[in-house]
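Both ligands and their constituent atoms are indexed starting at 1 by order of listing. By convention here, the first residue in the shown sequence is residue 1. Reckoned from all heavy atoms, side chains included, excluding hydrogens, waters and symmetry mates.
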Amino acid sequence: MDYFLTEDQTMIRDLAREIAEEKVMPVRAELDEKEEFPWEIMKTLAQSDFMGIYIPEEYGGMGKGGFELTLAIEELSKACLGVSTSFAANALGTYPILLYGSDEQKKKYLPDIASGKKLVAFALTEANAGSDAAGVQTTAKLEGNKYVLNGTKQWITNGGEAEIYTVIAITDKNKGARGASAFIVEKGTPGFTFGKKENKLGIRASSTRELIFENCRIPKENLISKEGMGFIVAMKTLDKSRTGVGAQGVGVAQGAFEAAANYAKERHQFGQPVISIQAIQHILADMATQIEAARALVYSVAKYIDSEAKDISKESAMAKLFATDVAMKVTVDAVQVMGGAGYMREYPVEKMMRDAKILQIYEGTNQIQRNVIGQALIKETAKKKE
Ligand code: COS
């Protein structure tokens with residue numbers, strides 16, 4: 001399908017594709033095996049100005065939107081979801097500053113993020129808070145001109161590798177979701193340490209760690225927006241970034257489809273390439289159709305969000321839900337089309353299948369996405385009645 005990309009968009013997509021093919025594909029199996037963070041690739045992405053695609057030019061970014069970011073994420077995901085997760089999580093961590101940060105915070109942090117000098121991580125999840133985002137127990141107490149943070153964050157992508165952390169903590173226990181606030185915490189602040197690196201099923205090139213805050217004192221200027229705005233900052237951040245997870249789904253599904261289709265042309269059974277067998281053709285036909293439908297939805301939603309639309313929760317949840325369910329199905333089918341070869345580490349699709357599973361889980365499980373869509377539908381139908 002031709003999505004009539006502009007010259008700039010085509011350039012971003014083609015450059016991302018080149019980096020994916022030349023820098024990511026040759027090392028993806030090794031990064032997966034060794035659970036190694038892709039620093040060299042991050043540096044290449046930074047040199048290509050990709051870390052600031054969506055950051056305004058006044059802060060050193062490219063000044064493009066979420067759609068252009070989507071194109072880059074998709075291409076990287078075709079090659080390796082571990083790499084694209086490390087890249088996309090940077091945007092997730094940056095959105096709280098971009099959407100709600102003060103001018104001073106933007107001036108202080110965004111240029112280093114846009115240049116790739118510093119990586120970012122978003123820290124919401126805890127032992128008792130994930131799907132239940134309002135269940136955060138990490139506390140932040142104002143003492144003089146410092147906030148004192150105590151608590152532990154869990155499963156934080158880019159944990160340990162990032163220099164800047166956007167952290168959700170409770171400033172007023174009695175106010176539920178309205179008692180949460182968002183903060184910027186820099187690596188190296190006394191009282192801020194990291195737990196063990198998690199050993200994962202997939203996206204093993206990405207880093208997932210605990211963040212531990214023990215009387216960690218940060219300047220009160222590091223509060224993002226106002227006290228009590230933390231839940232909203234987190235929700236709006238996720239609304240923005242979930243389309244990127246959808247793009248990851250489209251990318252990994254496309255990568256798996258291409259590997260399976262190519263293999264089906266080479267593999268001969270019953271005196272013919274298996275792609276000539278209708279049973280295989282039908283699986284490939286369904287895979288290709290689902291990928292195109294997912295891409296069309298993800299691109300439309302990314303453009304809708306860039307149009308400064310206000311209410312984007314339902315659409316971004318739909319893009320994430322649909323494209324990541326497609327990714328799981330397509331990667332499983334790719335392994336099936338390739339049969340025994342698909343199951344072997346010699347070929348990339350077993351890793352793609354392992355990697356794809358996280359897309360249905362992180363940045364809100366797909367059950368949560370259905371809740372978000374359901375709640376939005378209730379609101380919409382109530383409005384129509386009025
Ligand atoms: N934008 C703006 N405001 C929002 C919002 C959004 N997307 N979602 C909720 N709110 C507001 C609500 O309007 C409500 O405001 P009031 O207190 O004024 O009524 C408040 O926030 C609380 O909302 P709600 O009652 O819906 O909160 P719940 O605790 O029921 O949780 C879900 C809502 C499930 C949607 C939320 O917890 C969620 O998204 N969870 C998943 C989080 C996630 O993705 N975790 C993965 C780890 S982070 S990578």
Side-chain angles (χ1 to χ4, degrees), residues 73 81 84-96 99-100 120-138 151-159 162 165-170 172-182 198 200 203 206-211 224-246 248 301 304-305 308-321 324 357-380 382-383:
I73 292 174
L81 268 193
S84 80
T85 294
S86 311
F87 174 68
N90 211 47
L92 173 69
T94 305
Y95 280 133
L99 297 176
Y100 287 94
V120 198
F122 177 66
L124 169 68
T125 303
E126 298 181 4
N128 295 310
S131 293
D132 182 7
V136 166
Q137 286 171 344
T138 294
T152 301
K153 295 287 172 185
Q154 184 172 267
W155 303 328
I156 304 306
T157 306
N158 284 351
Y165 295 80
T166 43
V167 177
I168 308 298
I170 298 294
D172 189 339
K173 267 188 216 156
N174 302 317
K175 288 194 179 157
R178 295 282 172 191
S181 304
E198 303 290 348
K200 307 190 291 283
I203 57 161
S206 72
S207 167
T208 311
R209 280 184 198 269
E210 270 181 354
L211 315 183
I224 299 174
S225 182
K226 289 188 284 209
E227 274 196 22
M229 280 293 287
F231 189 79
I232 302 294
V233 171
M235 290 299 112
K236 292 283 186 199
T237 290
L238 290 163
D239 283 349
K240 269 273 197 189
S241 73
R242 280 177 180 151
T243 319
V245 184
Q248 287 192 290
V301 170
Y304 175 63
I305 293 175
E308 304 294 325
K310 279 213 172 91
D311 238 343
I312 57 170
S313 305
K314 182 185 75 181
E315 289 74 12
S316 62
M318 283 175 166
K320 196 264 184 192
L321 167 66
T324 63
K357 186 62 208 167
I358 193 63
L359 302 178
Q360 294 178 305
I361 299 171
Y362 68 15
E363 292 195 34
T365 63
N366 282 5
Q367 287 69 33
I368 287 288
Q369 307 309 319
R370 288 179 173 91
N371 285 0
V372 171
I373 296 163
Q375 288 302 318
L377 293 176
I378 292 170
K379 268 192 208 157
E380 277 174 20
K383 261 188 214 155

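- Considering only non-hydrogen protein atoms, atom 40 (N) of ligand 1 sits nearest to S131 O, 2.7 Å.
- No heavy atom of N371 sits closer than 4.0 Å to any atom of ligand 1.
- In this comparison of M235, K310, R178, E126, the heavy atom closest to atom 14 (C) of ligand 1 sits on R178.
- Heavy-atom distances between Q375 and ligand 1 stay at or above 4.0 Å for every pair.
- Considering backbone and side-chain N/O of K379, none are found under 3.5 Å from N/O of ligand 1.
- Here S313 has side-chain heavy atoms under 4.0 Å from ligand 1, and that is the only part of it that gets that close.
- Looking only at protein heavy atoms, the nearest one to atom 48 (S) of ligand 1 is L124 CD2, 3.6 Å.
- For atom 35 (C) of ligand 1, the nearest non-hydrogen atom of the protein is V372 CG2, 3.8 Å.
- The protein non-hydrogen atom at the shortest distance from atom 4 (C) of ligand 1 is I232 CD1, 4.1 Å.
- In this structure, Y362 does not count as a contact residue of ligand 1, since none of its heavy atoms falls inside 4.0 Å of the ligand.
- The closest protein non-hydrogen atom to atom 46 (C) of ligand 1 is G364 N, 3.4 Å.
- Atom 33 (C) of ligand 1 has its closest protein heavy atom at F231 CZ, 4.3 Å.
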